[in-house]
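As structure tokens, the structure follows; a few thoughts come after it.
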Amino acid sequence: MAKSPSFICQSCGAAYTRWQGKCEACDGWNTLAQESIAAPIAGAKGAALRGARSAGRVFALEGLKGESLEAPRVASGIAELDRVTGGGFVPGSVILIGGDPGIGKSTLLTQACAALARLGNRVAYISGEEAVAQVRLRAERLGLTEAPVELAAETNVEDIIATLSEGAPPRLAVIDSIQTMWSSAVEAAPGTVTQVRGSAQSLIRFAKTTGTTVILVGHVTKDGQIAGPRVVEHMVDAVVSFEGDSGHHFRILRAVKNRFGPTDEIGVFEMTGHGLAEVANPSALFLAGRDLSAPGTAVFAGMEGTRPLLVEIQALVAPSSLGTPRRAVVGWDPSRLSMILAVLEARGGLKLGQHDVYLNVAGGLRINEPAADLAAAAALISSLAGAPLSPETVYFGEIGLSGAIRPVAQAPARLKEAGKLGFNRAIVPATLKDSPDASPLALESVGHIADLVATIAARRPQVARERRSLVTDR
Ligand code: TYD
Ligand code: MG
């Protein structure tokens with residue numbers, strides 16, 4: 001086979017004939033590396049090969065209607081993990097799991113392997129990063145040394161496939177990590193995009209032919225992308241990311257893509273001294289340690305997939321000494337904050353141009369829902385006015401550019417969760433998309449952002465009076 005030298009972008013897989021500083025496909029800088037890729041077979045031999053194929057095979061076309069089978073599943077028994085995969089692993093599927101180093105990917109997968117192995121399944125854990133002794137040490141710490149998991153430290157894909165093909169195919173094979181794998185069929189250095197893609201292809205073929213569920217661990221780059229070719233993400237059946245803040249103990253498993261299940265589900269874990277523990281009631285965790293009397297905090301009744309989740313949104317609005325005031329946000333979209341601030345100024349009559357604004361989602365969670373607008377606005381107004389909000393109230397609603405509060409989906413589930421956690425009042429949009437039959441909370445609707453400003457500002461004289469009496473007493 002003829003080989004032509006080529007430069008391949010290590011982040012998106014685009015190929016170039018010359019080196020250049022910037023990849024035009026993904027706009028990455030300094031991502032091209034020289035690799036050799038197989039050129040199409042040229043000359044008489046190639047033409048003969050192509051000629052032989054040109055007739056083509058006729059295959060049957062079918063309609064959309066027909067008998068379809070529900071994908072069978074292998075549940076691991078770890079409820080938070082099964083929720084994210086959509087009820088268990090689908091035989092023959094390939095899952096890519098990404099996450100920062102040290103977040104707990106190997107720990108989670110060791111626990112999943114042990115759980116499946118204890119149920120009597122053949123399970124293999126192939127580590128390309130750690131020696132067998134290191135993996136054993138972790139298993140010891142997790143108290144899982146008795147589980148019949150087959151363990152190896154290997155990096156050659158052909159060897160791995162040959163070993164796993166012996167005897168009955170395993171139910172689950174974990175490859176930790178795909179970046180350390182190399183295939184002798186691919187002529188490129190280990191770790192390069194071509195190797196990663198080639199190895200992934202072989203492992204996916206193995207999964208499809210044997211019905212083994214293969215989990216590939218992928219590294220994440222600085223900006224949160226799964227390193228190596230994005231093409232691996234396209235090749236696999238499911239992509240899940242394992243997120244968390246190194247300063248916090250809990251971790252969130254989130255499905256980014258799933259051919260066999262929902263993509264907006266999350267699983268919540270807590271990293272303990274003995275591995276990852278499931279968190280069945282995450283709202284209680286995210287609301288723990290709340291300061292009930294401080295201004296600038298509001299509780300948002302959110303949804304993650306089908307699961308309601310209550311989180312505290314904290315805001316700090318303080319006079320600025322800078323020409324251009326600071327705007328900083330953790331756990332929320334910065335452009336969304338700019339929009340809410342603009343609406344508060346233009347439609348709510350607030351003056352924020354001379355104030356620094358900080359917004360934080362407590363506990364290290366990331367919120368993507370527009371429904372959090374109302375809670376964020378309430379926290380901002382409360383901080384500016386110095387008026388604490390009632391600690392037994394939850395907020396949800398989307399804010400439009402006109403200042404109108406727009407309805408959001410799944411109101412009954414949000415209210416039910418808030419009721420369960422002891423909240424008694426909810427500030428909601430004037431119209432609810434699906435209004436609950438009987439709300440466990442007193443509902444108070446706001447139609448416009450100006451109404452919210454007025455309600456919260458009305459709390460101020462009362463708070464100020466309490467403060468003044470404190471000062472004169474002293
Ligand atoms: P690890 O699973 O090795 O992370 P990854 O594979 O994503 O790189 O987990 C590493 C971290 O988890 C490490 O900093 C130690 C911590 N840890 C615990 O806190 N408790 C435990 O029981 C285990 C096994 C690890
Ligand atoms: Mg690891």
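Indexing begins at 1, ligand by ligand and atom by atom, following the structure's order. Only this structure's heavy atoms are used, side chains among them; waters, hydrogens and symmetry mates stay out.
Between F89 and L81 the shortest side-chain heavy-atom distance falls below 4.5 Å.
Every atom of ligand 1 is numbered from 1 in the order shown, and the set under 4.0 Å from a heavy atom of L142 is 22 (O), 24 (C). The contact set between ligand 1 and H274, taken as ligand atoms under 4.0 Å from a residue heavy atom, comprises 22 (O).
Between the side chains of Q10 and T192, no donor N or O sits under 3.5 Å from an acceptor N or O. Side chains of E270 and T272: no donor on one and acceptor on the other come within 3.5 Å. Side chain to side chain, S177 and E129 meet the donor-acceptor criterion of an N or O pair below 3.5 Å.
We find that D356 and R326 are not joined by a salt bridge, their nearest charged nitrogen and carboxylate oxygen being 4.0 Å or further apart. The existence of a salt bridge linking E80 and R307 is confirmed by a sub-4.0 Å separation between a basic side-chain nitrogen and an acidic carboxylate oxygen. Electrostatic pairing of E243 and R254 counts as a salt bridge here, judged by a charged N lying under 4.0 Å from a carboxylate O. Looking at K208 and D237, a side-chain N of the basic residue comes within less than 4.0 Å of a carboxylate O on the acidic one, giving a salt bridge.
Between P101 and ligand 1, no N or O atom pair is found at a separation short of 3.5 Å.
For atom 12 (O) of ligand 1, the nearest non-hydrogen atom from the set M271, E140, K105 belongs to M271. Summarising the contacts of atom 2 (O) of ligand 1 with L144, T107, L137, T272, the nearest heavy atom is found in T107.
Protein heavy atom closest to atom 4 (O) of ligand 1, with residue, atom name and distance, is G104 N, 3.1 Å. Protein heavy atom in closest approach to atom 3 (O) of ligand 1: R138 NH2, 2.9 Å. Summary of contacts: the protein heavy atom closest to atom 25 (C) of ligand 1 is R141 NH1, 3.7 Å. Annotation: atom 13 (C) of ligand 1 to nearest protein heavy atom, G102 O, 4.5 Å.
A heavy-atom separation below 4.0 Å is not found between G99 and ligand 1.
Of the possible donor and acceptor atoms, one in the side chain of K105 sits under 3.5 Å from a partner among the backbone N and O of D100.
Atom 21 (C) of ligand 1 is approached by the protein to below 4.0 angstrom, counting heavy atoms only.
Of all the heavy atoms of S106, the ones lying under 4.0 Å from any atom of ligand 1 are found in both the backbone and the side chain.
Note on S106: counted as a metal contact of the Mg ion (ligand 2), an N/O/S atom lying under 2.8 Å.
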